[in-house]
Each structure stands twice: as C-alpha cells, then as structure tokens.
Amino acid sequence: VTGLLAASAAVGAAASNAVQALLDWVYPPHCYHCEQPVAGRMPQFLCPACSSLLARRRLAAPLCAVCGVPLTGGPTAGGRCITCLSQRRYFSVARAFVPYVAPVTSLMRSYKFAGDYFVGPTLLRTMLEDRWLPDAIQVPAAVVPIPLHPRRVRERGYDQALLLARVVAAHLSRPVCCRVLQRTRYTNQQSLLPTRRRRDNVRGAFRVRTPQRVRDSSVLLVDDVMTTGATAEECAKVLLRAGSGPVQVLTLARTVPRAISGDADLTAPPAP
Ligand SMILES: [Zn+2]
Ligand SMILES: [Zn+2]
C-alpha cells in the first residue's frame, strides 16, 4: 500500500509539474516591477536585479524611535522625528520593512488593485524568514489587522491587512484577532487627501467591538502601507480607550520623505 501511495504521489507531482510547465509556457513568469522574464517558478515576483534592489531598500537605522521614519538630520531629542517630538502618538512604536518606493510599489499595486492576493503574504513571509522583522517590535499578546470597511472588502474580494496579519501572527505564534476592531465608516481614500485632512478623515471611523479580547493585552496592529500614521493612530487610540495594553504598529511598507527615497518612482500611496 505504501508503495502504491508513493507511486500515485509521484504521478500527481509529475502531473502538477507538467501543468506548471504548460502554464509557464503560455504565461511566462515576469518580474512584477520591471516586467523582465523571470526564470523559474512563481511565486517569484521579482527578477534578481529587482530582488537585490528590494534588499538594499530594507529600512535600517537611524529611524525615529517612535514612528520609524528614517531620520535625515542630526541627532534629535530621544531619536524622534519632528512629528513625534511635536505631537502625542497613541501607538508605542511603528515599524515597516521597506519604504513605499520601487520595487515595492509595483508589488503592492498588484496586491491591492489587480487581485493578486498572494503577493503581499508571500513577500511578507519571505522577509520574515530572512529575519527582517524590525528589532523594535516586541511579541504582542494579540495581532490585530487594521480593518477595512466591509464595502471595501466586497469591492476588493479580500482584506489585504487581514492576510498580512495572519502571516505575522503565525510567525510570532500569536492569535490574530480580526473581529476586535471594526471600521464603522466608509472613509474617503486617505491617499487622495492632504496630510492635515487625513486625521479628520479617520476620526471616529473605528470602534472596539470586543473590548474584553484586548483588555490589558498588548496589541500589534498590522497593515500594508503606513503613510502619515493617522489611521494606525486612530486605531491605537480606540484600543487604548477600550483598556488595551500598549499598541505597536507593523506595516509591510511605509512612505518616506522624497529626499530619503531618492526615487523618482515615489508615487502616491495606495488607497486603504
Ligand atoms: Zn525586475
Ligand atoms: Zn516619528
């Protein structure tokens, strides 16, 4: 019986290899960023050149101790950026893996707007396996995705923050609590608004549905891209008011000042 099972598994594997080879022939794999053909199998989203560009992009010190934005000037008080020096942040720390510049921009556009739901989780898993998790992130009691409005989930067909939160939660061996926070208002796309209006746009847009799930527990909020941090802050604020412990934020990418990115491809951040 074991021999038979092994034989049928081998036949199955051969068949799936043949199907894959056929698919590769009909739709040759290409780099999501530069669109050059990519040798080998999907998921291999980036060609070697774009992969090494991504590796060079990894966010590293000096970063703002609180919000994680790269610091350009000289040393500041407590290693904080101007924004974190001048205003209260509700989250204890926010970190991202890479800046929202090429080649991540192409990957995130495919992830959010082209229905390629596997791109974000696969990219995130790869970065976690390569030990890119920022040191500042402490293992939380619970992982909470920044929620989308149900209408946005219907429009997109999937919840991009939830898929990423599941990857982070599995990596940290912590539960993902996807029903704790609720987005109660269908907000305008943050990316279409000037910075000062983003805070107003998300004010009152979230509520904590099950405070008992997070009471006195530290929370790690997960999202795809952080821009000004207004959305993450609003979520952190309602969680703290509901009695949660400290709230950290982890995003796959974050926007950075153009002077730092040095990238002409720095585009408007994606919609929530
Ligand atoms: Zn490429
Ligand atoms: Zn900061």
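Counting starts at 1 for both ligands and their atoms, in listed order.
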Apply salt bridge (charged side-chain N to carboxylate O under 4.0 Å, His left out) to the pair Glu155 and Arg151, showing each step before the final yes or no. CA-CA 6 Å; Glu155 288 164 359; Arg151 191 171 125 198; 3.6 Å; yes
With the Zn ion (ligand 1) as the apex, the SG/SG angle for Cys47 and Cys31 - to 10°: 120°
Could you grab the angle centred on the Zn ion (ligand 2), going from SG in Cys81 to SG in Cys67, to 10°? 110°
The angle formed at the Zn ion (ligand 2) by SG of Cys84 and SG of Cys64 is about (to 10 degrees) 110°
Just do the side chain to side chain donor-acceptor pair (under 3.5 Å) check on Arg254 and Tyr100 with the steps written out, would you? CA-CA 5 Å; Arg254 67 159 298 143; Tyr100 187 69; over 6 Å; no
For the Zn ion (ligand 1), decide whether Cys50 has an N, O or S atom at a distance under 2.8 Å. yes
Grouping I, L, V, M, F, W and Y whenever their side-chain heavy atoms are under 4.5 Å apart, do Tyr158 and Leu124 come out in a common cluster? yes
Quick one: does Arg185's side chain have a donor or acceptor within less than 3.5 Å of a partner on Arg203's backbone? yes
